Structure formats: structure tokens, C-alpha cells
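Keep in mind that what you see is a predicted model, and the values were worked out from it rather than measured.
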Amino acid sequence: MFSAAAAGAFSLWLPRPAKGYTAQEVRSRLSTRTTISDVSKQDLETPALCVDLDRLEANIAKLQAGLKESRIGSRPHAKTHKCASIARLQLEAGALGICAAKISEAEALFEEGIDRICMTTSNLSAGKIRRAMRLARRSPHFIQAVDTKNNARDLSDAAREAGVTADVVIDVAAGNRTGAPAGAESLTLAQWTDSLPHLRLRGLLAYDGGAQHVDGFVERRERALRGMEESAKTCAQMQASGLDTGIFSGGGTGTYSMLHAVPGFTDVQAGSYVFMDMQYLAIGSEDGDPVYKDFLPSLTVMTTILNNRFAGKLTTDAGAKALTLNRPRAGVIGEPGMDYDAGSDEFGVISVKESSRSYAIGDRLELIVPHCDPVVNLFDAIYGIRGEQVEVVWPITARGCSQ
């Protein structure tokens, strides 16, 4: 199992005095200066959510290059970053579109200019369906998932009332979480959906979330390809019956490099690749390395040491309200001998087996988070860092958009 030691393999931490700038203060400074050399990431109020811009850009470029070579596309999932500015970078790099998990998330991204959105979760309630159709009326590129006949009928009725023809995709189960069972049931649903007057069938989704975190590349590839076999057959059946299969989307950060082997597959819904986290770093690389090295960890939480008075212990200001999960442990960058416990609401408690130096109250540490998606949803803004300096402050556009 991957340990916090890998955190030290990617970056060194260099302490600097803190000035304590808030996101609003940093934005103000950036807007009034031509140079920003005096705004360091070490100056930020903590806990602070930071992204290394060089690594973020390299991760986006690597995914696009790898998929281009495999002759499939990307449709990155915004549930990871929930940030219109990052979605824009992904689209500019060549993504076919952006995925959203919830209608509120799609609405927030659209209001900030992201208009090629595929919603991967079905809208069931009358209120959410009406909202989806209002978005479809404003955005001709909006696509939404459907996985039951009743839902398809409700969508068609709402589309008629909204005066639109709504684009939809069939959610085909590639696991046991969401979607219609692959095979006859999904094919019948697709044919039924295609017959409805106010819906336009665009293809299918098949996301196997369980395959993403399988330890070991060979085992993960076997699970991923096996899990997509029935979805691929369904896609072929849809195509043979004359249905549109222009979209056959699925996969994620852990399986992005494997799915070109699936017949008919068009694009990958990778999300966490832009940031990475301790969960993904633990799944292992193709060369047998226990650390997953395809993408670099770019997302960190900066934390401040509040107490060093107890032997072998340090207390910080980043607990569960900054990191959400406590398994796997957050990784302390540059300090593999530290075990970070984020089990307390407000505080992190570090057990120090060994460290590169002694730490004083007020010193900073930088953490690789356990799982990036829920961590991002805790913060209002993310600081974009180039080297050691703050280059930009991006609002988390869809923070809290969980409906």
C-alpha cells in the first residue's frame, strides 16, 4: 500500500515567514500590480487550497496527448475541480466537453461560460428536470443522462413544454451503482428514448467507478476491460439497430490509458488527473512502481503548526473540515516520517517518527490530500501557484452545488 513517503518524492517544502493574506486580499494585490513577487504561497492564511500551475498544465497536456495517440477524446469531469477556470483550460487543450455530476453544478459552470456540458447523473424530480430543460434552451450543447423509460418520458414532456429538443445519452451500468443494465434493457430503453418526439439520442455513458482504484496496473486493466465488455456489446447493438452511438463515454483517471481497446469507445471522463491525491497515488504504475506516476500531484492544502509542545506530536489547523477524509492519510510533502491524522474537525495531529528539521509554532506544512473531489468542495477559492508565487486566485465556481 502506498505510504506518505511518496509525498516526498514529488516536491520539497521550504518554510518562509507568513504574512497571512486572505483570498480577497491576494486578488486585490494581483489586480493592482504588474509584478507579484511579494505574494508567496507561504504568505497565505491557512488552511489554504493551492494548485501548482505547472503541474496542472502538464497533467492536462499529458491526458490530451495520450488520448490523441489512442485516437479517443476526453470529456473531463468537473466534479473534481468544480472550477470554471480549470474547465476552460481543459476545453482549450482540446477536450470535447466537460462532465458535471449535478444540475446545480452544470448551471454554475454554464453561468461562467462553460457551454459544452454532459450531465452524467439522471435528473428525476420535476424541479430538476425543469431546470435541465431551461439549461438546454440556453445551451444547445447541453447533454443529460437517462436510465429509465419513465425518466425519458418525463424529459420529453418537459422538453416539449420548454420548446426544445433535448440531447440525451443512455446511462448503461458498467458496475452496480447507476444506469440501466447492459444488454436488452439498455437497448430497449435507447430505442424507446429515440422514439420520443422531443428527445435526441446521442449515444451512451458507461462509467465503472470501481475499476479506477484497483491496485496494480495489470489487475486494473483486466477489471476495466472486463467491466466494459457488456457496455461495448450494447453499443454495437444500438448501432446495428440504427441508433446514434456518436458518444460512448466512460472511464476515468485510473483507466484512461486502457479504454481505446473497447470497440466503439469515444471519450474518457477523467477528473482527478488534474490534481491527483493519496488515493490515486496508491494504485500503481504500468512499470510496476507502487506509486501511480502518470500524473503529478498538483493540489495541496497549506497548513500552519499551532502546537509543538508535546514530544513527537505537532498540531495543525487543517482537520476534517479542510481534508474531509482521514483514510488514506494525508501526505506531508518532504516529510515521509510524519503520520498525519485529520480525524479532528478543526485540527490535524501529526505523529513524528522522524523529520528533516525541528518545527516551531507558526511554521507551515504542505499536504497532499486523501481525496481531491470532496476537499475542493470545502473551499471558496483555489490559489494558483507558479514556483513559490501566487499567480492567480480562482473561485470554486460550483462549490456546494450538490443537488
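For the residue pair Asp52 and Ser298, no side-chain donor N or O sits within less than 3.5 Å of a side-chain acceptor on the partner. Gln144 and Ser122 are not linked by any side-chain donor-acceptor pair at a separation below 3.5 angstrom, with hydrogens and angles left out of the test. Between the side chains of Thr300 and Glu366, at least one donor N or O lies within less than 3.5 Å of an accepting N or O. Using modelled atom types and a 3.5 Å distance limit, the side chains of Ser104 and Gln403 yield no donor-acceptor pair. His141 and Asp115 share no donor-acceptor pair across their side chains, judged by distance under 3.5 Å alone. A donor-acceptor contact closer than 3.5 angstrom links the side chains of Ser351 and Lys313. Side-chain contact check for Thr46 and Thr304: at least one donor-acceptor pair (N or O, by modelled atom type) lies under 3.5 Å. A side-chain donor-acceptor contact under 3.5 Å links Gln64 and Ser74.
In this structure a side-chain-to-backbone donor-acceptor pair under 3.5 Å is missing from Asp277 to Val369. Checking side-chain atoms of Glu335 against main-chain N and O of Ser356 turns up a donor-acceptor pair under 3.5 Å. A distance-only check finds a donor-acceptor pair linking the side chain of Gln389 to the backbone of Val39 [under 3.5 Å]. Checking side-chain atoms of Asn151 against main-chain N and O of Asn123 turns up a donor-acceptor pair under 3.5 Å. Between the side chain of Arg116 and the backbone N or O of Leu96, at least one donor-acceptor pair lies under 3.5 Å. At least one donor-acceptor pair under 3.5 Å links the side chain of Arg220 to the backbone N or O of Ile283. Without hydrogens or angle criteria, Thr316 side chain to Ile305 main chain gives no donor-acceptor distance under 3.5 Å. Put simply, the side chain of Glu185 never gets that close to the backbone of Pro181: no donor and acceptor are under 3.5 Å apart. No donor-acceptor pair under 3.5 Å is formed between the side chain of Ser156 and the backbone N or O of Arg153. Without hydrogens or angle criteria, Arg88 side chain to Glu112 main chain gives a donor-acceptor distance under 3.5 Å.
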>> For a side-chain contact (heavy atoms from CB on, under 4.5 Å) check, start with the C-alpha distance between Ile350 and Leu365, then their side-chain angles and the critical distance, and finish with the verdict.
In response: CA-CA 11 Å; Ile350 301 174; Leu365 294 169; 3.4 Å; yes

>> Checking Arg138 against Glu111 for the salt bridge (charged side-chain N to carboxylate O under 4.0 Å, His left out) test, could you report, in this order, the C-alpha distance in whole Å, the side-chain angles of both residues, the deciding distance, and whether it holds?
In response: CA-CA 10 Å; Arg138 298 176 64 194; Glu111 291 301 330; 2.6 Å; yes

> Does the pair Thr121 and Thr178 meet the rule for a side-chain contact (heavy atoms from CB on, under 4.5 Å), with working shown?
Replying inline: CA-CA 8 Å; Thr121 307; Thr178 65; 6.0 Å; no

> Yes or no on salt bridge (charged side-chain N to carboxylate O under 4.0 Å, His left out) for Asp380 and Arg399, after CA distance, side-chain angles and deciding distance?
Replying inline: CA-CA 7 Å; Asp380 290 321; Arg399 183 200 174 175; 2.5 Å; yes

> Can you check side-chain contact (heavy atoms from CB on, under 4.5 Å) on Lys41 and Met302, steps first, answer last?
Replying inline: CA-CA 8 Å; Lys41 68 179 181 181; Met302 187 77 65; 3.8 Å; yes

> Passes salt bridge (charged side-chain N to carboxylate O under 4.0 Å, His left out), Glu229 versus Arg226? Steps please.
Replying inline: CA-CA 5 Å; Glu229 285 177 356; Arg226 183 174 65 250; over 6 Å; no

>> side-chain contact (heavy atoms from CB on, under 4.5 Å), that's the test. Do Phe275 and Val375 meet it? Break it down for me.
In response: CA-CA 11 Å; Phe275 291 151; Val375 168; over 6 Å; no

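A distance of 12.0 Å separates CD1 of Ile170 from SG of Cys235, quoted to the nearest 0.5 Å. With rounding to the nearest 0.5 Å, the separation of OH in Tyr273 from CG in Asn59 is 8.0 Å. We find the CD-CD1 distance between Glu57 and Ile86 to be 10.5 Å, quoted to the nearest 0.5 Å. Taking CD of Gln212 as the reference point, atom CD of Gln279 lies at 12.0 Å (rounded to 0.5 Å). Atom-to-atom distance recorded for Asp54:CG and Glu391:CD is 8.5 Å, nearest 0.5 angstrom. Taken from CG in Leu199 to OG1 in Thr165, the straight-line distance is 8.0 Å, to the nearest 0.5 Å.
Counting only heavy atoms from C-beta outward, the side chains of Thr324 and His371 never approach each other to under 4.5 Å. Ile385 has its side chain within reach of Val390: a pair of non-hydrogen atoms, C-beta onward, lies under 4.5 Å apart. Looking at Met276 and Leu296, their side chains never come closer than 4.5 Å, going by heavy atoms from C-beta outward. Within the 4.5 Å cutoff, the side chain of Ser285 has heavy atoms near those of the Lys293 side chain. Between Pro76 and Val274, every side-chain heavy-atom pair lies at or beyond the 4.5 Å cut-off. At a threshold of 4.5 Å between non-hydrogen side-chain atoms, the residues Thr120 and Asp171 do not count as touching. Here the side chains of Val262 and Phe248 are in contact, with some heavy-atom distance below 4.5 Å. Using a 4.5 Å heavy-atom threshold, the side chains of Asn326 and Asp341 count as touching.
Cation-pi geometry between Arg357 and Tyr359 is met: under 6.0 angstrom from the ring centre, within 45 degrees of the axis.
The two residues Arg75 and Cys118 make their nearest non-hydrogen contact at CD-CB, 3.9 Å. Residues Lys149 and Trp192 share a closest heavy-atom pair of O-NE1, 3.4 Å. Considering every non-hydrogen atom in both Thr255 and Gly251, the closest pair reads OG1-CA, 3.6 Å. Between Asp208 and Gly227 the shortest heavy-atom distance is OD2-CA, 4.0 Å. Taking all atoms of both residues into account, the shortest heavy-atom contact from Thr253 to Tyr292 is O-OH, 2.8 Å. In plain terms, the two heavy atoms of Ala106 and Phe142 that are nearest each other are CB-CE1, 4.2 Å.
The aromatic rings of Phe295 and Tyr256 sit tilted relative to each other, their planes meeting at an angle between 30° and 60°.
Around atom CD of Gln239, no more than 12 heavy atoms belonging to other residues, nucleotides or ligands sit under 6.0 Å away.
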